[in-house]
Trainee: 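First the structure, which I've put down as structure tokens, then a few questions once you've had a look.
Everything quoted here is computed from the prediction, not taken from an experiment. Residue numbering restarts at 1 for every chain, and letters A, B, ... go by the order of the sequence lines.
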Amino acid sequence: MPIKQNYMLQLQRIRDEKDIIIVALQKRNIDAATLLEDVLQLDEKRRATQTKLDNTLAESNKLSKEIGLLFKSGKAQEANILKEKTGDLKEDSKRLGDELNTAMEELQNLLYQIPNIPHDLVPAGNTEKDNEEVFKEGEIPTLTADALPHWELAKKYGIIDFELGVKITGAGFPVYKGKGARLQRALIAYFLDKNTEVGYSEIQVPYLVNEASGYGTGQLPDKEGQMYHIGADDLYLIPTAEVPVTNIFRDVILNESDFPICYTGYTPCFRREAGSYGAHVRGLNRLHQFDKVEIVRVEHPSNSYQALDGMVEHVKTLLRELKLPYRILRLCGGDLGFTSALTYDFEVFSTAQDRWLEISSVSNFEAYQANRLKLRFKDHNGKNQLAHTLNGSSLALPRVLAGILENCQTSQGIRIPDVLVPYCGFDIIN
RNA sequence: GGAGAGGUGCCGGAGUGGUAACGGAGCAGAUUGCUAAUCUGUCGACGCGCAAGUGUCGCAUGGGUUCGAGUCCCAUUCUCUCCGCCA
């Protein structure tokens, strides 16, 4: 009888460090005490059941073997006597097996409710107001009185058509035209080139993923309603390239020498954004479909924070070259993603809107995703350990575009940042 | 969409009801005077144990038959080949 083989390495940590975990999760404003207690109790029940089941099965295996040998040597009568003794064992093992599966399922459901444990650096706090600004760079231009927000500029120069998108699909699906479309393509190519230059290998992945992949990176079950779901085939449109790229490593056991693993990929991203309305979703601020270039790393646990810093530095160089004013925030516990241990958000300043727009989110998931993915590596002792996964946007296109339009507007038109000119083939939109 | 074949460990590949051959890779240990060879060991998950160890489960997935299932039955799924359709 097959027993479900869920991977529960998290359990060991909960057993060992329950109190530490409870304290750490308080940063997320979660009181996990009861939940963890339930987990431990259920775990105990599960282990007790498993021991009983193992013993029952061992006995019945032994009997079967004996029966086999008796039949072989022609002692059918003795064999038949033994046969009669197997009935109870069979019943017991069926009952225990069912109990075990139920316990494991319940346990798994509880474990899915536990978010990642925040890193020490994560500041306490509830909302985005409590995020900690750790870096700021770039000149915020002084705009003239007739400066326009990007959606007006987009209309004025005919480069983005929001209404047309509404006609074809609905709100949040803009149509990029002419130089607008070309600028998007230029940004994608530029980002991919910059990423590959520093060692990320370019990859193209599917835009639809199955349920297992959604669970692997943690979008499921936490963000069930945020992804577009194709019912007929039970597939999800990806909300980020993180999902397909990281799931490359689902059920994989790496060698230590495989590290570091660095991928970059461009994909469109699809998000339902259920529940977000209002002025803040105007123009390119919040879309249902947008383009993004992503970087993903799989690292040895001892190196993952160094890798995180490296990713942050790399994203900085992109914004520096684009000459956009930006800042970096260390997300507080309340704003931290479910699966992340430490996240840095990059925000570009939208001059005409007088607000900051998130354009990148760089995170270390430590072993959280690896636990779900069963992504491990063999350490020098031959033991399997969970690897660490990281990812970051480099970058999300629409808000970069908004930043360029608003910050680079002049009376002559939109001045394209120098680094993009070779990719665009023009230096001004007018 | 129709028809057929198939899914066995890291890879290759046997196994048609009695408890996963064999070959290779990688890794570890031992040994040998040296770009290497040889020998031995070596899959994963979970439980118990300080440990040595030991038990259970795993042959695509889920059920079923049986004292016993890789092997038989049912369902699902994926891959390949041919046909159809098609960028």
Trainee: Taking atom C1' in both B:rU19 and B:rC57, compute the distance separating them and give it to the nearest angstrom.
Mentor: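 Each nucleotide's C1' atom is 13 Å from the other's.
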Trainee: Would you measure the distance from the P atom in B:rA60 across to the matching atom in B:rG7 and give it in whole Å?
Mentor: 8 Å
Trainee: If only side-chain N and O atoms count, and only distance matters, is there a donor-acceptor pair under 3.5 Å linking A:Ser394 with A:Asn195?
Mentor: yes
Trainee: Is the terminal nitrogen or CZ of A:Lys179 (NZ for Lys, CZ for Arg) located under 6.0 angstrom from the six-membered ring centre of A:Tyr157 and within 45° of that ring's axis?
Mentor: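 No, A:Lys179 does not lie over the aromatic ring of A:Tyr157.
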Trainee: Grab the CD1-C1' distance between A:Ile253 and B:rG9 for me, whole Å please.
Mentor: 11 Å
Trainee: Measure from the side chain of A:Lys90, starting at C-beta and using heavy atoms only, and say which of B:rU56, B:rG44, B:rU66 lies closest.
Mentor: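 My answer, after comparing the listed nucleotides, is B:rU66.
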Trainee: Using a distance-only test with no angle check, is there a side-chain donor-acceptor pair under 3.5 angstrom linking A:Arg185 and A:Tyr423?
Mentor: no
Trainee: I want to check one thing: is the phosphate of B:rC46, taken as OP1 and OP2, less than 4.0 Å away from some side-chain N or O of A:Arg47?
Mentor: no
Trainee: Ignoring hydrogens and angles, state whether a donor on the side chain of A:Glu132 or A:Tyr344 is under 3.5 Å from an acceptor on the partner side chain.
Mentor: no
Trainee: Count the heavy atoms belonging to other residues, nucleotides or ligands that lie under 6.0 Å from CD of A:Gln204, then report whether that count exceeds 12.
Mentor: no
Trainee: Just how far, in rounded Å, is C1' of B:rC57 from CE of A:Met104?
Mentor: 10 Å
Trainee: Cut-off 3.5 Å, side chains only: do A:Arg250 and A:Asn247 have a donor facing an acceptor?
Mentor: yes
Trainee: Rounding to an integer number of angstrom, what distance separates B:rA3 and B:rU76 when you compare their P atoms?
Mentor: 13 Å
Trainee: What does B:rC27 pair with, Watson-Crick or G-U, if both distances are under 3.5 Å?
Mentor: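 Base partner found: B:rG41.
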Trainee: Considering only atom P, compute the distance from B:rC50 to B:rC39 and round it to an integer number of Å.
Mentor: 39 Å
Trainee: Any strand counts, and the cut-off is 3.5 Å on both contacts for Watson-Crick or G-U wobble. Which nucleotide pairs with B:rG68?
Mentor: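 Across any shown strand, B:rG68 pairs with none.
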Trainee: Provide the distance between the two C1' atoms, one in B:rA14 and one in B:rG23, to the nearest whole Å.
Mentor: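 Straight-line distance between the two C1' atoms is 11 Å.
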Trainee: Hey, are A:Asn210 and A:Ser213 close enough side-chain-wise for a donor-acceptor pair under 3.5 Å?
Mentor: yes
Trainee: Determine which nucleotide pairs with B:rG6, using a 3.5 Å limit on both distances of a Watson-Crick or G-U wobble pair.
Mentor: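 Its partner is B:rC78 (Watson-Crick or G-U wobble, both distances under 3.5 Å).
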Trainee: Scan every strand shown for a Watson-Crick or G-U wobble partner of B:rU16, both distances under 3.5 Å, and answer none if you come up empty.
Mentor: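 Paired with B:rU16, as far as the under-3.5 Å criterion goes, is no nucleotide at all.
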Trainee: For nucleotides 17-20 of chain B, print each protein N/O atom paired with a nucleotide N/O atom at under 3.5 Å, atom names and distance only.
Mentor:
{"from": "B:rG18", "atom 1": "N2", "to": "A:Ser64", "atom 2": "O", "distance (Å)": "2.8"}

Trainee: The side chain of A:Lys83 lies closest to which of these nucleotides: B:rC67, B:rG44, B:rC46?
Mentor: B:rC67
Trainee: What integer distance in Å separates A:Lys85:NZ from B:rC67:P?
Mentor: 16 Å
Trainee: Quick one: look up who B:rA21 pairs with, Watson-Crick or G-U, both distances under 3.5 Å, and put none if it's unpaired.
Mentor: none
Trainee: Side chain of A:Ala58: nearest nucleotide among B:rU56, B:rC48, B:rA45?
Mentor: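 Out of B:rU56, B:rC48, B:rA45, the nucleotide with an atom closest to A:Ala58's side chain is B:rU56.
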Trainee: Find the distance A:Asn255:CG to B:rC11:P and express it as a whole number of Å.
Mentor: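 Atom-to-atom, A:Asn255 to B:rC11, this comes out as 14 Å.
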Trainee: What integer distance in Å separates A:Leu96:CG from B:rU56:P?
Mentor: 15 Å
Trainee: Between atom NZ in A:Lys94 and atom P in B:rC67, what is the gap in whole Å?
Mentor: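 Value for this atom pair: 15 Å.
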Trainee: Would you tell me whether A:Glu406 and A:Ser350 have side-chain atoms, one donor and one acceptor, within less than 3.5 Å of each other?
Mentor: yes
Trainee: Considering Watson-Crick and G-U wobble pairs with both distances under 3.5 Å, what does B:rA51 pair with?
Mentor: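 Pairing partner, where one exists within any strand: none, as none qualifies.
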Trainee: With a cut-off of 6.0 Å (strictly less than), are more than 12 heavy atoms of other residues, nucleotides or ligands near CD of A:Glu128?
Mentor: no
Trainee: Say we look at B:rG29 and B:rG62: how far apart would their C1' atoms be, to the nearest angstrom?
Mentor: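 Each nucleotide's C1' atom is 42 Å from the other's.
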Trainee: Can you tell me how far P in B:rG4 sits from the matching atom in B:rG12, rounded to whole Å?
Mentor: 27 Å
Trainee: What integer number of Å spans the C1' atoms of B:rG24 and B:rU42?
Mentor: 14 Å
Trainee: Atom CZ of A:Arg250 and atom C1' of B:rA45: how far apart are they, to the nearest Å?
Mentor: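 Taking CZ of A:Arg250 and C1' of B:rA45, I get 17 Å after rounding.
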Trainee: Considering Watson-Crick and G-U wobble pairs with both distances under 3.5 Å, what does B:rC59 pair with?
Mentor: none
Trainee: Reading RNA chain B from 5' onward, which residue's closest nucleotide shows up sooner: A:Asp54 or A:Thr51?
Mentor: A:Thr51
Trainee: How long is the line joining CG of A:Asn101 and P of B:rG58, in whole Å?
Mentor: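 My rounded result for the distance is 12 Å.
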Trainee: Would you indicate which nucleotide in B:rU56, B:rG47, B:rU66 comes nearest to any side-chain atom of A:Leu57?
Mentor: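 The listed nucleotide nearest to A:Leu57's side chain is B:rU56.
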Trainee: My understanding is that a pair needs two contacts under 3.5 Å, Watson-Crick or G-U wobble. By that rule, which nucleotide pairs with B:rC86?
Mentor: none
Trainee: Is A:Arg376 close enough to B:rG44 that one of its side-chain N or O atoms is under 4.0 Å from OP1 or OP2 there?
Mentor: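 False: A:Arg376 side-chain N/O out of range (4.0 Å or more) of B:rG44 OP1/OP2.
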Trainee: Under 3.5 Å, is there a donor-acceptor pair linking the side chains of A:Gln219 and A:Tyr236?
Mentor: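 There is no such pair between these side chains.
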